[in-house]
Amino acid sequence: NPVEAGMDPGFAVREEYEIADFRQEAVHTFMDQELKGENEDFFGLLDIYGPRRLEEMLVLLIDALPDILALGDLSRPYQEELDKEEDPKLEAESALDDLIAVKDTAGPKGKELILRLEEQRDSFHEAIAKGDYETLAEAVGGLRAAGAIKDFAAKLKETVSTLLDLDLNRAGLAQAAQWQTVLERLDQYLFTAAEQQEMYSFSYISAKAVKLLGTDPELLRTYRNKFKFLMVDEFQDTNEEQKRLVYLVSGGDAKVLRGNNLFVVGDAKQSIYRFRGANIENILNFEEQYPKARTIRLEQNYRSTQNIL
């Protein structure tokens with residue numbers, strides 16, 4: 001209800017070209033505002049991408065903001081990988097020792113390289129302990145996984161590659177935290193700017209509804225009592241925000257479907273709005289997220305002749 005949302009009852013959803021122009025201008029203004037501030041996360045991204053590229057990326061990410069922010073802590077996946085860092089370290093140490101142990105079975109060039117590795121074994125141990133994986137990667141770069149040492153060399157190169165991936169996760173951890181801060185600030189800025197300029201889009205309205213229902217228990221109770229059953233058609237073309245809205249009205253929880261009154265209709269093969277932020281996982285994972293669901297498959301075609309099929 002517009003009144004409940006604090007909006008003019010006569011509001012209108014703007015045309016797509018108006019929304020596109022608004023977003024472009026809003027992001028530009030947001031960038032100017034951040035440049036005058038002291039947000040270290042913003043300046044960190046600015047150093048990486050430069051002002052023009054960062055502005056382009058922020059505009060492109062607007063449609064995906066609900067999905068991205070719904071993930072919660074963006075740095076968590078990177079931290080989880082780094083928390084397991086000791087295992088590949090030990091594997092690399094073991095793989096290096098195993099290769100050195102079979103040096104006499106290697107060809108002349110391979111044996112020469114392995115002997116150099118053996119001579120620097122202590123320094124490699126220190127490098128691994130300190131997380132200096134580039135040093136070890138450079139040392140084994142010329143090692144060929146061939147002949148009698150094929151499996152041992154391949155194992156060492158594989159473990160070194162895993163360690164190098166950890167460096168990428170370390171960089172990703174820092175960037176994810178920076179992106180989280182900037183995207184949260186951008187989301188709030190866009191929301192406020194849209195209200196001030198009455199630049200309402202369908203995504204703004206659904207976000208407003210989710211925010212209201214998620215923060216006003218009495219209002220949520222009113223709408224849950226109003227709708228005894230819910231049916232959502234074309235569920236394969238819903239986005240994260242729309243799914244949260246449905247889950248709220250159905251069961252009172254935006255993240256987990258707790259109601260027993262929801263009927264969704266859809267076909268993953270007919271998903272056509274992913275370019276607008278639709279998340280096909282909403283229907284693909286529905287039975288997994290709600291094990292009590294009963295699936296009815298409509299496999300008889302009444303719309304086409306057999307020749308067409």
Side-chain angles (χ1 to χ4, degrees), residues 23-24 26-93 95-96 123-141 156-193 203 207 239-241 244 254-255 277 279 281:
R23 288 177 170 182
Q24 190 74 52
V27 170
H28 187 76
T29 306
F30 171 77
M31 292 275 292
D32 286 343
Q33 174 183 290
E34 294 297 290
L35 283 168
K36 297 173 183 176
E38 299 180 356
N39 187 331
E40 293 182 1
D41 289 322
F42 173 79
F43 285 104
L45 294 180
L46 200 63
D47 288 341
I48 296 170
Y49 301 104
R52 182 176 179 179
R53 178 58 180 151
L54 180 58
E55 183 172 333
E56 291 173 349
M57 293 172 74
L58 291 176
V59 172
L60 290 172
L61 286 171
I62 289 176
D63 279 329
L65 276 177
D67 290 349
I68 295 172
L69 297 179
L71 294 172
D73 183 2
L74 299 181
S75 63
R76 180 170 50 81
Y78 301 99
Q79 187 59 60
E80 287 176 351
E81 290 300 314
L82 291 171
D83 287 342
K84 299 180 287 188
E85 188 169 5
E86 288 305 312
D87 290 339
K89 279 185 173 184
L90 294 174
E91 289 177 7
E93 296 268 17
L96 180 55
S123 62
F124 290 141
H125 172 74
E126 292 179 9
I128 292 173
K130 294 178 181 178
D132 178 14
Y133 307 132
E134 286 288 346
T135 296
L136 183 58
E138 291 175 6
V140 303
L156 177 58
K157 293 174 80 73
E158 178 186 342
T159 57
V160 171
S161 177
T162 301
L163 290 175
L164 290 175
D165 286 343
L166 287 171
D167 280 341
L168 294 177
N169 278 297
R170 216 178 314 279
L173 179 68
Q175 281 195 44
Q178 293 170 335
W179 275 109
Q180 178 112 35
T181 300
V182 172
L183 292 180
E184 287 175 350
R185 290 171 64 86
L186 174 63
D187 184 59
Q188 184 56 53
Y189 180 84
L190 288 171
F191 200 83
T192 302
S203 60
N239 59 30
E240 184 65 26
E241 197 86 74
R244 292 169 66 198
K255 295 182 179 180
N279 184 6
E281 301 296 324

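- Residue pairs meeting the ring pair (Phe, Tyr, Trp, His ring centres under 6.0 Å) criterion with at least one partner in residues 38-64, sequence neighbours excluded, are Tyr49-Trp179.
- Residues Ser203 and Arg23 share a closest heavy-atom pair of OG-NH2, 3.5 Å.
- Ala139 and Phe124 get closest at one heavy-atom pair: CB-CZ, 3.3 Å.
- Among Thr181, Asn39, Leu58, Val182, the one residue that satisfies the side-chain contact (heavy atoms from CB on, under 4.5 Å) test with Leu45 is Val182.
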Pair Thr29-Gln33, side-chain hydrogen bond (donor to acceptor under 3.5 Å, both in side chains): steps then yes or no | CA-CA 6 Å; Thr29 306; Gln33 174 183 290; over 6 Å; no
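- Rounding to the nearest 0.5 Å gives a distance of 6.0 Å between CD of Gln178 and CD of Gln175.
- Annotation: side chain to side chain contact (heavy atoms under 4.5 Å, CB included) contacts of Asn239 (sequence neighbours excluded): Glu241, Gln242.
- Heavy-atom neighbours of Glu80 CD from other residues, nucleotides or ligands within 6.0 Å: above the threshold of 12.
- Screening residues 48-59 for salt bridge (charged side-chain N to carboxylate O under 4.0 Å, His left out) gives Arg52-Glu56, Arg53-Glu56 as the qualifying pairs, with residues at least two apart or on separate chains.
- Ile68 contributes atom CD1, which lies 10.0 Å from atom CG of Asp63 (distance to the nearest 0.5 angstrom).
- For Tyr189, the ring pair (Phe, Tyr, Trp, His ring centres under 6.0 Å) criterion is met by Phe30, not counting sequence neighbours.
- Here Met57 contributes atom CE and Leu183 contributes atom CG; the two are 9.5 Å apart, rounded to the nearest 0.5 Å.
- Minimum heavy-atom separation, Ala92 to Leu156: O-CD1, 4.0 Å.
- Taken from CG in Leu61 to CG in Leu186, the straight-line distance is 8.5 Å, to the nearest 0.5 Å.
- The salt bridge (charged side-chain N to carboxylate O under 4.0 Å, His left out) contacts involving residues 182-191 comprise Glu34-Arg185, where partners must be two or more places apart or lie in separate chains.
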Evaluate the salt bridge (charged side-chain N to carboxylate O under 4.0 Å, His left out) criterion for residues Lys89 and Glu93: first the C-alpha distance (whole Å), next the side-chain angles of each, then the deciding distance (0.1 Å), finally the verdict.
-> CA-CA 6 Å; Lys89 279 185 173 184; Glu93 296 268 17; over 6 Å; no
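- For the residue pair Leu71 and Arg76, the shortest heavy atom distance occurs at O-NH2, 4.2 Å.
- Across Ser75 and Ala177, no two heavy atoms sit closer than the pair CB-N, 4.4 Å.
- To the nearest 0.5 Å, atom CD of residue Glu86 and atom CD of residue Glu91 are 11.5 Å apart.
- Here Met31 contributes atom CE and Leu35 contributes atom CG; the two are 6.0 Å apart, rounded to the nearest 0.5 Å.
- The 12-atom threshold is exceeded at OH of Tyr133, counting heavy atoms of other residues, nucleotides or ligands nearer than 6.0 Å.
- Contacts classified as side chain to side chain donor-acceptor pair (under 3.5 Å) and involving residues 161-170 (residues at least two apart or in different chains) are given here: Glu85-Arg170.
- Across Thr135 and Asp132, no two heavy atoms sit closer than the pair OG1-OD2, 2.5 Å.
- Panel note: side chain Glu240, backbone Pro66; no donor-acceptor pair is recorded below 3.5 Å.
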